[in-house]
Amino acid sequence: AQEQIGKSSFRELDYDPTLEHIENVTLWAEKWYQKDKISKEWKNFIINNHAQPGKNATLYKTHKQGNPVRLLTTGCNTAIENLLILIEKVCGPLVLDLPNIIKDTSNLLDIIDNLNSTGLPENATLVSFDIVNMFPNIDNERGMEAVRRLLDSRVSKAPPTKCIMEGLKICLLNNNSQFDNIHLLQTNGTATGAPNSCSYSDIALSRLDKIVNHEREEHFKECIYFGRYRDDCLILWCGENDKLNEFHNMLNSLDDKLK
């Protein structure tokens, strides 16, 4: 678990910053309520004066070699929990229109049916890649820029992009938790378990999906399908293994924090 803390952009603190985080969220909610961009009901829901640090629990990945540990941060009753719920309400539906996203098991089965109906080449190979420790390794600045671009593409920009982006920044920088009586603050990436962690990661990585699609068209036509469910990539490959290794190397070159 301590090793995972080191890999997850956590900084150890010698105090509990929860009161500071409550104040930051309160100032945000009051500001955008006064600007008439969020309702009184949302303002009152978002502000939690009785917030506590999140809790970290160990998740042992028993299906992987060496049984590596991941930390799951529960956002229950934290200062940012309800603000994250608002952000998810706004951003969650935007994920549905992103290319390459595998939404759920039902969607994956539909994708498989469609691929089978078109007929697969005899040399088609099923390939999967995993993005290692993805959630805590998403760069904050790159992730927020991806979210901002998608918010700006909305037909109805309510609440305004600036409102949501300010709230998102507060949540990314005020995610505090405890583990083994140690106060932790996440300095980069998103927690695994936050209300918006899945949609945020999908949006943050959508910029990489666009690059992959371009590379497929220009240099890797052997990749006849590329889909992604969070950190799991599903690929259908019709080509030599050496070219597949080139494709793998290309994926690893897209972001210095994500491999």
Side-chain angles (χ1 to χ4, degrees), residues 7 59-68 70 72 88 91-139 142-143 145-147 149-150 153 189-190 192-194 196-259:
K7 293 179 178 179
L59 172 66
Y60 290 89
K61 311 284 280 190
T62 57
H63 61 290
K64 293 187 177 182
Q65 186 174 4
N67 298 333
R70 296 288 182 265
L72 296 181
E88 174 63 13
C91 294
L94 302 179
V95 174
L96 300 177
D97 295 327
L98 292 177
N100 304 103
I101 295 297
I102 300 172
K103 301 176 181 65
D104 50 32
T105 301
S106 178
N107 180 226
L108 175 59
L109 293 175
D110 288 340
I111 292 170
I112 293 173
D113 284 342
N114 290 334
L115 289 169
N116 285 332
S117 66
T118 60
L120 295 176
E122 291 186 1
N123 65 334
T125 301
L126 179 64
V127 180
S128 64
F129 290 129
D130 174 69
I131 303 173
V132 180
N133 213 23
M134 180 191 70
F135 288 97
N137 282 317
I138 297 173
D139 180 79
R142 296 168 191 166
E145 176 60 18
V147 173
R149 288 178 179 274
L150 197 58
S153 72
T190 183
T192 306
N196 75 322
S197 60
C198 291
S199 65
Y200 175 72
S201 64
D202 283 343
I203 295 171
L205 268 69
S206 63
R207 64 183 182 85
L208 304 185
D209 293 338
K210 291 180 181 178
I211 299 174
V212 172
N213 289 337
H214 174 76
E215 289 292 323
R216 288 174 57 208
E217 288 292 327
E218 295 295 324
H219 305 293
F220 297 101
K221 296 186 184 297
E222 297 88 347
C223 182
I224 62 174
Y225 175 77
F226 176 85
R228 182 173 57 79
Y229 180 77
R230 309 292 182 257
D231 54 352
D232 293 315
C233 303
L234 179 67
I235 296 163
L236 280 177
W237 185 265
C238 295
E240 301 296 328
N241 287 340
D242 287 346
K243 196 65 181 290
L244 177 59
N245 289 333
E246 289 182 30
F247 183 76
H248 184 209
N249 290 335
M250 180 275 293
L251 294 177
N252 278 330
S253 71
L254 298 180
D255 191 300
D256 59 338
K257 297 182 183 298
L258 298 172
K259 304 297 178 183

Within this structure, what is the [atom1]-[atom2] distance for the pair [X] and [Y], rounded to the nearest 0.5 Å?
X	Y	atom1	atom2	value
Met134	Asp231	CE	CG	4.5 Å
Leu109	Asn114	CG	CG	11.0 Å
Cys198	Tyr229	SG	OH	6.0 Å
Glu215	Cys223	CD	SG	11.5 Å
Ile235	Arg216	CD1	CZ	9.0 Å
Ile211	Asp209	CD1	CG	9.5 Å

Give the C-alpha distance, both sets of side-chain angles, the deciding distance and a yes or no for side-chain contact (heavy atoms from CB on, under 4.5 Å) between Ile131 and Arg230.
CA-CA 9 Å; Ile131 303 173; Arg230 309 292 182 257; over 6 Å; no
Pairing residues for Asp130 by the salt bridge (Lys or Arg N to Asp or Glu O under 4.0 Å) criterion, not counting sequence neighbours
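Checked Asp130 against salt bridge (Lys or Arg N to Asp or Glu O under 4.0 Å); matches are Lys64.
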Quick one: ring-ring contact (aromatic ring centres under 6.0 Å, His included) partners of His219, sequence neighbours excluded?
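Listed in chain order: nothing, the list is empty.
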Residue list, ring-ring contact (aromatic ring centres under 6.0 Å, His included) with Phe220, at least two apart or on another chain:
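Partners of Phe220 by the ring-ring contact (aromatic ring centres under 6.0 Å, His included) criterion, ordered by chain and then number, come out as Phe247.
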So for atom NZ, which belongs to Lys103, do other residues, nucleotides or ligands contribute more than 12 heavy atoms lying within a distance under 6.0 Å?
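Enclosed: over 12 neighbouring heavy atoms sit under 6.0 Å from NZ of Lys103.
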[X] side chain near [Y] side chain, heavy-atom distance below 4.5 Å:
X	Y	answer
Ser201	Ile138	yes
Leu150	Leu98	yes
Tyr225	Leu115	yes
Leu234	Leu108	yes
Cys233	Val127	no

Is it the case that the side chain of [X] and the backbone of [Y] share a donor-acceptor pair, with hydrogens and angles ignored and the cut-off at 3.5 Å?
X	Y	value
Asn241	Leu244	no
Asp255	Leu208	no
Lys221	Glu217	yes
Asp104	Asn107	yes
Lys259	Asn252	yes

Write down the atom of [X], the atom of [Y], and the distance for their closest heavy-atom approach.
X	Y	answer
Pro121	Cys238	CG-SG, 3.7 Å
Gly92	Ser199	CA-CB, 4.0 Å
Asn123	Gly239	ND2-N, 4.1 Å

Salt bridge (Lys or Arg N to Asp or Glu O under 4.0 Å) contacts touching residues 236-251 (sequence neighbours left out):
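Output for this query lists Glu222-Lys243.
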Of all pairs that satisfy salt bridge (Lys or Arg N to Asp or Glu O under 4.0 Å), the ones with a partner from residues 113-125, not counting sequence neighbours:
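Sorted result for residues 113-125: empty, none.
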Can you tell me which residue pairs pass the ring-ring contact (aromatic ring centres under 6.0 Å, His included) test with a partner in residues 113-132, sequence neighbours excluded?
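Of all non-adjacent pairs touching residues 113-132, those that pass ring-ring contact (aromatic ring centres under 6.0 Å, His included) are Phe129-His248.
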What verdict does the side-chain contact (heavy atoms from CB on, under 4.5 Å) test give for Leu258 and Leu205, after you've listed the backbone C-alpha separation in whole Å, the side-chain angles of each residue and the deciding distance to 0.1 Å?
CA-CA 10 Å; Leu258 298 172; Leu205 268 69; 3.9 Å; yes
Please test Leu254 against Val212 for side-chain contact (heavy atoms from CB on, under 4.5 Å), starting from the C-alpha separation and ending with a verdict.
CA-CA 9 Å; Leu254 298 180; Val212 172; 3.7 Å; yes
Could you give me the CA-CA distance, side-chain angles and deciding distance for Ile111 and Ile102, then say whether side-chain contact (heavy atoms from CB on, under 4.5 Å) is met?
CA-CA 8 Å; Ile111 292 170; Ile102 300 172; 4.1 Å; yes
